[in-house]
Amino acid sequence: TGAISSLQRQLEIQESQLRRTTSEKEMLQKELREREHQLQAMSAKFCSLREERKHEDMLVAAEKENCSLRQLVTEQECKLAEQNELIAELKGTVSQLQAEVLSSRYHVQKQQRAQEVLQSEAEVLQHRELQTRVALECLTSR
């Protein structure tokens with residue numbers, strides 16, 4: 001009976017140790033699961049942060065491109081304004097030249113008319129001269 005009692009005590013001690021070990025094992029498994037959850041949460045958070053960083057980098061790149069495009073648009077608008085000024089100046093010059101051409105044409109036509117009048121008068125004078133010579137010849141021959 002002493003050996004049986006001793007074996008029973010040893011059995012109870014070992015069962016107690018087994019329960020403690022099992023309890024520790026369950027606690028460790030629970031802690032491991034909690035840490036896995038924490039690790040997954042941290043991993044998800046880091047992944048989210050990486051995505052946010054990528055998104056921010058994309059936004060920064062897009063903003064830089066927008067800034068560059070705005071600058072290009074401003075430069076193009078300046079060039080367009082300069083070209084519009086040049087066009088306005090050229091239109092003014094064209095109008096002035098057209099006015100000068102019209103004035104020159106008017107003067108040329110006026111001179112042509114005056115020349116025609118003078119030519120007509122010269123022809124009349126030549127005709128009169130001829131008549132006068134003929135009359136003079138007639139008078140001289142008598």
Side-chain angles (χ1 to χ4, degrees), residues 1-140:
T1 60
I4 289 177
S5 292
S6 175
L7 285 174
Q8 281 180 338
R9 250 188 272 131
Q10 275 186 342
L11 183 60
E12 286 174 7
I13 290 172
Q14 285 181 351
E15 284 177 351
S16 172
Q17 283 179 345
L18 180 61
R19 282 192 298 270
R20 243 189 337 237
T21 304
T22 305
S23 175
E24 281 180 23
K25 177 186 163 193
E26 288 173 0
M27 279 181 48
L28 287 173
Q29 283 179 336
K30 182 180 176 185
E31 189 177 324
L32 181 62
R33 280 191 299 273
E34 287 175 4
R35 291 207 178 172
E36 280 181 7
H37 290 299
Q38 287 176 351
L39 185 60
Q40 287 174 350
M42 291 291 280
S43 177
K45 187 173 181 179
F46 282 131
C47 184
S48 173
L49 287 174
R50 272 195 299 267
E51 290 299 319
E52 284 180 29
R53 178 64 184 228
K54 284 181 186 176
H55 184 67
E56 286 175 8
D57 289 345
M58 286 173 53
L59 287 177
V60 166
E63 188 59 34
K64 283 182 182 178
E65 187 176 352
N66 283 345
C67 184
S68 173
L69 289 174
R70 280 190 210 108
Q71 186 176 4
L72 182 62
V73 165
T74 302
E75 290 172 4
Q76 294 296 322
E77 286 174 343
C78 286
K79 286 181 183 178
L80 180 63
E82 290 173 3
Q83 288 179 349
N84 284 339
E85 284 181 32
L86 182 60
I87 288 170
E89 289 175 14
L90 291 174
K91 282 182 178 179
T93 303
V94 165
S95 295
Q96 182 181 355
L97 291 173
Q98 286 175 337
E100 289 176 13
V101 165
L102 288 175
S103 176
S104 295
R105 282 183 185 163
Y106 172 75
H107 289 302
V108 165
Q109 287 174 353
K110 189 175 177 182
Q111 286 175 350
Q112 283 177 342
R113 282 192 298 266
Q115 185 178 0
E116 287 171 2
V117 166
L118 287 174
Q119 193 171 1
S120 174
E121 288 176 1
E123 288 174 1
V124 167
L125 287 173
Q126 283 178 349
H127 185 66
R128 282 187 190 167
E129 180 188 4
L130 184 60
Q131 285 177 345
T132 306
R133 282 188 185 167
V134 168
L136 184 60
E137 289 271 335
C138 282
L139 284 174
T140 347

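Along the sequence shown, the residues carry numbers beginning at 1. From a predicted model like this one, the values you see are computed outputs, not experimental measurements.
- Atom CD of E52 and atom CG of L59 lie 11.0 Å apart (nearest 0.5 Å).
- No more than 12 heavy atoms of other residues, nucleotides or ligands shown are found within 6.0 angstrom of CD on Q115.
- Looking at S68 and K64, their side chains never come closer than 4.5 Å, going by heavy atoms from C-beta outward.
- With sequence neighbours excluded, no residue forms a side-chain hydrogen bond (donor to acceptor under 3.5 Å, both in side chains) with R19.
- T74 OG1 to L69 CG: the interatomic distance, rounded to the nearest 0.5 Å, is 10.5 Å.
- Judged as a side-chain hydrogen bond (donor to acceptor under 3.5 Å, both in side chains), and not counting sequence neighbours, the contacts of H127 are Q131.
- I4 CD1: 12 or fewer foreign heavy atoms inside a 6.0 Å radius.
- The shortest distance between side-chain heavy atoms of D57 and R53 falls below 4.5 Å.
- Residues passing the side-chain hydrogen bond (donor to acceptor under 3.5 Å, both in side chains) test with E65, sequence neighbours excluded: none.
- Applying the 6.0 Å contact sphere to CD of E137 captures no more than 12 heavy atoms from other residues, nucleotides or ligands.
- Distance alone, capped at 3.5 Å, is enough to place a donor-acceptor pair between the T93 side chain and the E89 backbone.
- Comment: R35 engages E31 in a salt bridge, judged by a side-chain N to carboxylate O separation of less than 4.0 angstrom.
- Summarising the geometry, atom CD belonging to E51 is positioned 5.5 Å from atom SG belonging to C47; distances are rounded to the nearest 0.5 Å.
- For the atom pair CG of L18 and OG of S23, the computed distance is 11.0 Å after rounding to the nearest 0.5 Å.
- Judged by distance alone, the side chain of S6 and the main-chain N or O of G2 form no donor-acceptor pair under 3.5 Å.
- The distance from the CZ atom of R133 to the CG atom of L136 is 9.5 Å, given to the nearest 0.5 Å.
- The pair E63-R70 counts as a salt bridge, with a side-chain nitrogen and a carboxylate oxygen less than 4.0 angstrom apart.
- To the nearest 0.5 Å, the span separating OG on S95 from NZ on K91 amounts to 9.0 Å.
- In this structure, the side chain of S104 engages the main chain of E100 through a donor-acceptor pair within 3.5 Å.
- Salt-bridge annotation for K79 and E75: absent, with no side-chain N of the basic residue lying under 4.0 Å from a carboxylate O of the acidic one.
- Contact of the K30 side chain with the M27 side chain is not registered, since no non-hydrogen atoms from C-beta on lie closer than 4.5 Å.
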